[in-house]
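Working notes, beginning with the structure itself.
Below, chains carry the letters A, B, ... as their sequence lines are ordered, and counting in each starts from 1.
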Number of protein chains: 2
Amino acid sequence: MSQPRLDQIDRRILHELGKDGRISNAQLAQRIGLSPSPCWQRVRRLEQQGVITNYCAILDQVKLGAAEIVMIEIVLERHDDETLETFGNRMQKMPEVLEVHLTTGEYDYLIKVAVDGTRGYEEFLRRKLYHVPGIRHSRSSFVLRTLKDVQAYLPED
Amino acid sequence: MSQPRLDQIDRRILHELGKDGRISNAQLAQRIGLSPSPCWQRVRRLEQQGVITNYCAILDQVKLGAAEIVMIEIVLERHDDETLETFGNRMQKMPEVLEVHLTTGEYDYLIKVAVDGTRGYEEFLRRKLYHVPGIRHSRSSFVLRTLKDVQAYLPED
DNA sequence: GGTGAAAATTAGAGGTA
DNA sequence: TACCTCTAATTTTCACC
């Protein structure tokens, strides 16, 4: 269950649903060369197994009014459990923070933030990030262009 | 059109569809307190305006067999258009590369890669990344835990 | 923004190999 | 076990208030 076996048909289903999560079951079945019923049963099974965790609409961040993405690496002052935990919790709660990753390497956290221009970035730093205690150092990189952004990778085997 | 005005109802629609992209129009209408027809018209309009760009299934990367995520910062040897372009194109084509961002700051590209353990990471580096010419330096961080990963941020106004 | 109804789709039951 | 056919119930989609 934690590593369900996925045959070629499952893979094709996942591939199609990854590209278009609102495709009708009838169309999906046609594309993968199955009749609707077994196709639907497989989709159900994949959902129940947790391979498919959710479906969601992909929104255009530019049209929502926070067009710039900034990647911020953060080094904390201390590395005990509580400091790490607390910082992560604070970050999670900020709506403009899209991703929060606890990492190993030369920094502790990598966060991805959506801001409205440099003005929005400055506001985020001053009103939000710098109010969170325990940050030793942060390093930001503005995203000039995102060439690829997909949710998942389906290994061949 | 490039910055469509979104009223409160639009925002609630986007919020709901961001959480569940397969919700039926009837249910969506009920949640936002509208009857199905105008709700559906708004969804259509948001799609046509490009605010909603797509729908997709969210897959569990662990169950797909490439459980680890690595963030790799890359500095290129040269920074002319062609070098930058070529590198980005090569990265995009690798299926295990989930995200490719051209950035400003202390590195040129940030890529997010799904690998199967340190073994998979080593394979990626040796068989894929290090075959791409023009890399001056790279710096990797393994993701220990992802606390948040959402697609979009909907500013209040 | 609401109503209603035709068309399409889903979500299964039951059957075959 | 895996797939197919068939169908009732739901949902989408659209013309018209």
Side-chain angles (χ1 to χ4, degrees), chain A residues 1-60 63-65 151-152 154-157, chain B residues 1-65 151-152 154-157:
Chain A
M1 182 76 166
S2 65
Q3 285 283 59
R5 258 186 289 114
L6 303 170
D7 65 20
Q8 280 309 115
I9 298 175
D10 289 329
R11 288 171 188 284
R12 288 170 67 188
I13 289 174
L14 293 171
H15 185 244
E16 293 299 330
L17 287 177
K19 282 194 303 186
D20 180 1
R22 275 211 131 172
I23 188 176
S24 77
N25 183 61
Q27 264 194 286
L28 178 61
Q30 201 180 0
R31 286 199 201 169
I32 63 168
L34 226 56
S35 68
S37 180
C39 177
W40 183 80
Q41 281 172 22
R42 278 169 182 268
V43 172
R44 260 302 143 89
R45 198 196 66 227
L46 291 166
E47 288 172 0
Q48 279 164 7
Q49 286 175 328
V51 178
I52 297 170
T53 57
N54 195 13
Y55 297 88
C56 73
I58 306 298
L59 310 181
D60 183 334
K63 299 205 169 142
L64 299 181
Q151 277 299 305
L154 200 57
E156 288 300 311
D157 223 30
Chain B
M1 181 76 165
S2 65
Q3 284 284 59
R5 259 185 290 113
L6 303 171
D7 64 19
Q8 280 310 114
I9 297 176
D10 289 330
R11 287 170 188 286
R12 288 171 66 189
I13 289 175
L14 293 172
H15 185 244
E16 292 298 330
L17 286 177
K19 282 194 304 186
D20 180 1
R22 275 212 129 171
I23 187 176
S24 78
N25 182 61
Q27 263 194 286
L28 177 61
Q30 200 180 0
R31 285 198 201 169
I32 63 168
L34 227 55
S35 67
S37 178
C39 177
W40 183 80
Q41 282 171 23
R42 278 169 182 268
V43 172
R44 265 298 138 89
R45 198 196 67 230
L46 291 166
E47 288 172 0
Q48 279 163 9
Q49 286 174 329
V51 178
I52 297 170
T53 58
N54 196 13
Y55 297 88
C56 74
I58 306 298
L59 309 183
D60 182 334
Q61 191 61 63
V62 173
K63 298 207 170 140
L64 299 181
Q151 277 299 304
L154 201 56
E156 288 298 311
D157 218 28

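The shortest distance between side-chain heavy atoms of Gln49(A) and Asp60(B) does not fall below 4.5 Å. Arg42(A) places a side-chain heavy atom less than 4.5 Å from the side chain of Asp7(A). Between Lys63(A) and Leu6(B), the closest side-chain pair of non-hydrogen atoms is not below 4.5 Å. Proximity of Gln27(B) to Arg31(B): side-chain heavy atoms (C-beta onward) are separated by under 4.5 Å at one or more points.
Chain A approaches DNA chain C over the interval dT9(C) to dA13(C), counting the first and last nucleotide 5' to 3' with an atom under 4.0 Å from its heavy atoms.
Considering all non-hydrogen atoms of both residues, Cys39(A) and Ile32(A) come closest at SG-CD1, 3.8 Å.
The CD1 atom of Ile58(A) sits 5.5 Å away from the CD1 atom of Ile58(B) when rounded to the nearest 0.5 Å.
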Contact pattern, 5' to 3', of nucleotides 3-16 of chain D - B, S or - by protein heavy atom under 4.0 Å:
SBB-----SSSBB-
Could you please spell out the steps behind the side-chain contact (heavy atoms from CB on, under 4.5 Å) verdict for Leu14(A) and Leu64(B)?
CA-CA 10 Å; Leu14(A) 293 171; Leu64(B) 299 181; 3.9 Å; yes
